[in-house]
Amino acid sequence: MEKIFNFRAIEKKWCEYWVKNKTFYAKVDDNKKPFVILIPPANVTGSLHMGHALNVVLQDILIRFKKLQGYNTLWVPGIDHGGIATQNVVEKLIKKEGETKNSLGRTNFLKKTWQWKNEVSNKILDQLKVIGCALDWDRIVFTMDKKYSRSVKKAFIWLFNKGLIYRKKRLVNWCYKCGTVLSDMEIEYESERSSLWYIKYPLKDSTNNEYVTVATTRPETIFGDVAVAVNPTDERYINLINKIVNLPLTKRELKVISDYIVDKSFGSGVIKVTPAHDIIDNEIANRNNLETIETIDINAKIINASEEYNGLNIEVARKKIVLKLKEKGFLIKTEDYVHSVGKCYRCSSKIEFLMSEQWFLKVKEISKKAIDVVSEGKIVFHPKSWGKSYNLWLKNIKDWCISRQIWWGHRIPVYYCIDNNGHRTNCIPIVSYNKPKSCIYCKNKNFVQDKDVLDTWFSSALWPIGVFNWGDNKNNFDLEYFYPTSVLVTGYEIIYLWVVRMIQFGLEFTGKIPYADIFIHGIVRDKFGKKMSKSLGNVVDPIKIIEKYGTDSLRFALAQSAVPGRDIQISDEAFLISRNFINKIWNASRFIIMNITDIDIVKNCIHSLDFIDEWIILELENTVSKVKYAYESYSINIVTREIYDFFWSKYCNWYIEFSKIRMMVNSVETKKRILSILIYIFKYILQLMYPITPFITSEILQILNQKIKIVSKNNFCLIKNKNIKKNDIVNKMLNIQDIIVKIRAFRNEMNISSKIQIEAIFNVLDDNNILEIIKENKKYIKYFTNINLIKFGKNITKPKNSVSIVTKTYEIFLVLGDFINIEKEKKDF
RNA sequence: GGGUAGUUAGCUCAGUUGGCAGAGCAUUUCUUUUACAAGGAAAAGGUCGUAGGUUCAAAUCCUACACUGCCCACCA
């Protein structure tokens with residue numbers, strides 16, 4: 001065996017083995033309990049990053065752990081079409097070829113996108129295989145598969161028929177760059193430096209040039225003003241309420257109204273009401289029955305203004321309008337002002353609020369049950385604290401805009417009746433799976449489908465039932481058996497966007513929760529604590545880490561940092577540490593395997609255990625119970641810590657070292673016994689570790705099983721001595737360790753390093769405790785020095801006479817007299 | 001503004017039911033010995049964010065504050 005674990009060849013071998021043997025494929029089996037996880041489907045926007053790696057590794061760990069426990073485990077792989085994000089990527093791609101979305105046309109553009117999808121999804125699936133994901137590869141689901149699409153249509157029709165989906169012209173969030181409306185959840189706010197302009201709105205018919213001062217950040221929307229509002233308790237303006245002011249530049253008349261939402265202390269305390277382009281203004285207008293004037297269109301151009309501004313871009317118009325206001329004496333002052341501006345979560349360009357006719361889903365109606373299942377504990381967040389914000393969020397939820405003006409996605413299943421000239425008739429649109437044959441109102445046979453597609457999160461929300469083909473009414477055995485699933489593993493950044501909606505939809509469509517547990521993990525950050533992003537160039541490619549350190553190292557490092565709910569900072573160092581640990585395991589296995597010969601193994605239970613065996617078994621039992629609990633409670637970081645600690649600082653540092661001496665000084669029969677226990681414990685650790693580092697553990701277990709088939713649960717066991725108390729074992733061990741530490745300290749202090757001086761240590765030691773032990777074990781000490789004389793005899797002749805030969809092994813031996821049996825005679829050495 | 005998480009060694013973080021402050025990395029010193037130098041042995045490094053309180057005993061429980069991050073919101 002090589003000194004260093006050759007992960008490249010071995011990991012590749014196991015990856016292929018698992019896929020070829022369909023190790024993790026699952027079928028309905030009523031005799032077994034299912035344990036089901038659905039992968040959060042990755043968008044087809046590019047390859048997987050470290051965050052994905054963390055996400056899938058955690059799921060893989062859970063699946064493998066549960067499979068070991070005998071569950072019928074299923075982990076479903078999947079890919080998301082990704083809506084706007086993917087469309088943007090493809091648009092960039094075709095831009096390089098000198099094409100645009102419009103020059104290609106809808107059909108050709110979608111063809112291109114499908115091509116891209118195929119390429120990228122294959123890449124993603126390959127990456128998942130390399131990471132070792134125990135997925136059922138026969139069940140790959142894509143959110144735009146025919147079957148899945150049928151579920152999406154079914155959901156839309158279901159909700160529409162219940163009156164929960166409606167179409168209305170409302171104030172919406174509009175992204176010019178993406179050319180589509182966005183839901184409130186898809187907007188990210190960023191603070192931005194801007195100005196606050198103070199503008200005079202002259203009082204109508206005022207004899208002495210009276211005016212009110214309006215403070216605004218949006219002077220370009222001035223033509224959309226329909227009123228001016230003050231707080232009804234603001235004494236400065238109380239007399240002005242219900243008076244009329246003239247809009248600067250056009251002199252249009254505006255009423256001064258009052259509304260409690262106006263903050264007296266902000267700006268001038270007077271706001272202009274522009275309901276078509278501002279959320280608050282829209283609410284004020286609704287409360288006061290004001291009209292709505294749109295002054296910005298979906299192309300970011302000014303409309304409904306005077307000639308000189310119509311058609312101008314917002315930014316240009318703003319400058320021009322401010323200049324004009326200044327020129328005409330309407331501008332009082334300009335202040336620097338920092339405020340937050342909504343940005344598109346996909347392209348980061350500014351969001352405009354404007355009026356548009358869109359499809360909406362009444363979410364409030366399907367939220368009540370969703371709130372209940374969490375507060376009743378039917379669904380549990382890990383960590384718990386997310387349950388609270390989940391509740392708060394759902395209670396304040398607003399209608400969800402589900403239509404998007406893009407091409408890539410699920411086309412809205414609504415058909416409009418058109419006349420012979422291609423114009424839409426007044427007939428009520430028909431909602432159906434396929435194009436209707438004839439209009440039920442006018443018998444017309446021509447239809448046009450709604451051009452828009454659904455929000456990608458609408459189809460994502462169906463994931464837990466969509467993957468089991470909910471849309472198909474005939475064949476739902478999978479859905480019955482595997483749904484509800486067991487646990488959802490995801491990052492906190494998509495709780496509202498995705499998790500909440502799956503719960504809402506799951507409850508609405510099946511009456512059942514989609515999963516019982518939600519395991520929330522953090523975001524992977526770089527070593528400076530910054531979020532990884534392509535623009536910052538700090539993205540770490542998991543595949544590169546795998547090539548450098550191996551998959552097991554990657555997995556162990558990620559698992560080690562996975563404190564539920566907390567972000568993790570990860571650097572090369574973390575992978576290096578894991579790599580070292582993996583190598584340590586490899587070398588421990590080398591030690592064991594090197595010692596195995598054909599006759600080495602005991603074939604039945606061992607009754608007479610040495611103290612040190614009792615100790616390691618005790619420690620193992622301790623570790624096993626902690627590790628099992630940690631696995632169950634999603635504290636994967638604790639799993640790794642406990643195993644690391646037990647394996648390295650207990651099994652390797654003490655137990656193996658003890659075993660060396662014991663095997664050295666005892667008869668062949670005893671040696672067999674010792675080796676058997678050594679292997680037994682080792683196999684146990686390998687099993688505990690298997691979910692986290694499946695490659696090296698599978699490899700070593702395989703080698704061990706080829707060499708020996710005896711040490712297994714069926715025909716081998718360790719019978720503990722019931723008379724020995726746990727505390728006695730622990731104290732005894734502590735005592736030994738303490739003495740060894742003292743000897744070391746003494747040796748260091750005296751700078752004793754040659755073998756001959758060893759006896760001198762004992763002669764000058766003044767620690768009574770140690771002296772006691774040493775007196776008792778005098779014969780072993782002799783024995784020990786003899787060993788050294790023989791074993792290291794060659795060293796004496798070396799010119800380097802400061803070589804320390806007092807290794808840990810022999811230190812341990814010094815104090816072992818009480819605890820092991822020495823059967824061999826000195827001369828055997 | 002509301003919510004939420006965090007603050008422990010130079011760095012990254014553990015620390016369960018309150019009971020002698022821990023690990024790894026980095027630093028310093030020693031160490032090629034037969035599983036492993038990707039190893040082993042040791043040293044140094046701490047007012048556990050601040051201030052109160054409860055307790056025989058607080059990193060841990062309570063209160064307030066400070067700072068940091070994140071989420072939400074109606075910052076004209």
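Everything quoted here is computed from the prediction, not taken from an experiment.
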Requested in this report: Test salt bridge (charged side-chain N to carboxylate O under 4.0 Å, His left out) on A:E335 and A:K333 and set out the steps.
Outcome: CA-CA 7 Å; A:E335 274 177 5; A:K333 62 172 174 175; 3.2 Å; yes
Pairwise [atom1] distance, [M] and [N] [rounded to whole Å]:
{"N": "B:A59", "M": "B:G3", "atom1": "P", "result": "29 Å"}
{"N": "B:A9", "M": "B:U54", "atom1": "P", "result": "28 Å"}
{"N": "B:C61", "M": "B:A43", "atom1": "P", "result": "32 Å"}
{"N": "B:G53", "M": "B:A58", "atom1": "C1'", "result": "11 Å"}
{"N": "B:G45", "M": "B:U68", "atom1": "C1'", "result": "25 Å"}
{"N": "B:G52", "M": "B:A41", "atom1": "C1'", "result": "46 Å"}
{"N": "B:G46", "M": "B:A73", "atom1": "P", "result": "45 Å"}
{"N": "B:G15", "M": "B:C56", "atom1": "P", "result": "28 Å"}

Can I get a per-line list of side-chain donor-acceptor pairs under 3.5 Å for residues 577-584 of chain A, giving both atom names and the distance, sequence neighbours left out?
unit_1: A:S578; atom_1: OG; unit_2: A:A557; atom_2: N; d: 3.3
unit_1: A:S578; atom_1: OG; unit_2: A:A574; atom_2: O; d: 3.1
unit_1: A:N583; atom_1: OD1; unit_2: A:F5; atom_2: N; d: 3.2

Report task. Kindly say if A:N653 contacts the phosphate of B:G40, meaning a side-chain N or O under 4.0 Å from OP1 or OP2. Result -> yes
Query raised in the report: Using 30° and 60° as the class limits, which term best fits the ring planes of A:Y651 and A:F647: parallel, tilted or perpendicular?
Result: parallel
For the side chain of [X], counting heavy atoms from C-beta on, which of [options] is nearest?
{"X": "A:E657", "options": "B:A35, B:U16, B:G40", "answer": "B:A35"}
{"X": "A:K626", "options": "B:U16, B:A38, B:A35", "answer": "B:U16"}
{"X": "A:W648", "options": "B:G40, B:C13, B:C70", "answer": "B:G40"}

Shorter than 3.5 Å, N or O on both sides, protein versus nucleotides 20-30 of chain B: list them out with atom names.
unit_1: B:C25; atom_1: O2'; unit_2: A:E573; atom_2: OE1; d: 3.0
unit_1: B:C25; atom_1: O2'; unit_2: A:E573; atom_2: OE2; d: 3.2

Query raised in the report: Any donor-acceptor pair under 3.5 Å linking the side chain of A:H277 with the backbone of A:T295?
Result: yes
Find every protein N or O atom lying less than 3.5 Å from an N or O atom of nucleotides 73-76 of chain B, and list the pairs.
unit_1: B:C74; atom_1: OP1; unit_2: A:K398; atom_2: NZ; d: 3.2
unit_1: B:C75; atom_1: O2'; unit_2: A:Y337; atom_2: OH; d: 2.5
unit_1: B:C75; atom_1: N4; unit_2: A:S340; atom_2: OG; d: 2.3
unit_1: B:A76; atom_1: O3'; unit_2: A:T217; atom_2: N; d: 2.8
unit_1: B:A76; atom_1: O3'; unit_2: A:T217; atom_2: OG1; d: 2.6
unit_1: B:A76; atom_1: N6; unit_2: A:D263; atom_2: N; d: 3.1
unit_1: B:A76; atom_1: N6; unit_2: A:D263; atom_2: O; d: 2.4
unit_1: B:A76; atom_1: N1; unit_2: A:D263; atom_2: N; d: 3.1

**Report entry** From CZ (A:R318) to CD1 (A:I222), nearest 0.5 Å
**Finding:** 12.5 Å
Query raised in the report: Can you name the residues that form a salt bridge (Lys or Arg N to Asp or Glu O under 4.0 Å) with A:K343, not counting sequence neighbours?
Result: A:E190, A:E192
Rounding to an integer number of Å, can you tell me how far [X] [atom1] sits from [N] [atom2]?
{"X": "A:I582", "N": "B:C36", "atom1": "CD1", "atom2": "P", "value": "18 Å"}
{"X": "A:F575", "N": "B:A38", "atom1": "CZ", "atom2": "C1'", "value": "17 Å"}
{"X": "A:F647", "N": "B:C36", "atom1": "CZ", "atom2": "P", "value": "14 Å"}
{"X": "A:I679", "N": "B:A35", "atom1": "CD1", "atom2": "P", "value": "15 Å"}
{"X": "A:L576", "N": "B:A38", "atom1": "CG", "atom2": "C1'", "value": "7 Å"}
{"X": "A:I592", "N": "B:C36", "atom1": "CD1", "atom2": "P", "value": "14 Å"}
{"X": "A:I187", "N": "B:C71", "atom1": "CD1", "atom2": "P", "value": "14 Å"}
{"X": "A:Y651", "N": "B:A35", "atom1": "OH", "atom2": "C1'", "value": "11 Å"}

Which part of the nucleic acid, if any, lies within contact of [X], taking any heavy atom under 4.0 Å across all strands shown: a base, the sugar-phosphate backbone alone, or nothing?
{"X": "A:I4", "value": "base"}
{"X": "A:W197", "value": "nothing"}
{"X": "A:Y629", "value": "nothing"}

Query raised in the report: So, is the end of the A:R501 side chain (NZ or CZ) under 6.0 Å from the ring centre of A:W400 and within 45° of the ring's axis?
Result: yes
**Report entry** A:K200 to A:Y211 six-membered ring, cation-pi geometry met (6.0 Å, 45°)
**Finding:** yes
Could you run down the sub-3.5 Å N/O contacts of the protein with nucleotides 2-10 of chain B?
unit_1: B:U4; atom_1: OP1; unit_2: A:K388; atom_2: NZ; d: 2.2

Report task. Assign each of A:F581 and A:N637 to its nearest nucleotide of RNA chain B by heavy atoms, then name whichever residue's nucleotide is nearer the 5' end. Result -> A:N637
Report task. Assign each of A:R579 and A:Y496 to its nearest nucleotide of RNA chain B by heavy atoms, then name whichever residue's nucleotide is nearer the 5' end. Result -> A:R579
Query raised in the report: Does A:P275 reach the side chain of A:V226, with side-chain heavy atoms less than 4.5 Å apart?
Result: yes
Report task. Would you check if A:T216 and A:T274 make a side-chain contact, meaning some heavy-atom pair closer than 4.5 Å? Result -> no
**Report entry** Dot-bracket pairing map - RNA chain B, Watson-Crick plus G-U, both contacts under 3.5 Å, | cross-strand
**Finding:** (((((((..((((.....[..)))).(((((.......))))).....(((((..]....))))))))))))....
Are [X] and [Y] close enough that a side-chain donor and a side-chain acceptor fall under 3.5 Å?
{"X": "A:N231", "Y": "A:Y237", "result": "no"}
{"X": "A:N173", "Y": "A:D184", "result": "yes"}
{"X": "A:T623", "Y": "A:E642", "result": "no"}
{"X": "A:Q504", "Y": "A:S367", "result": "yes"}
{"X": "A:E188", "Y": "A:Y345", "result": "no"}

Query raised in the report: Is the centre of the A:F519 ring less than 6.0 Å from the centre of the A:H382 ring?
Result: no
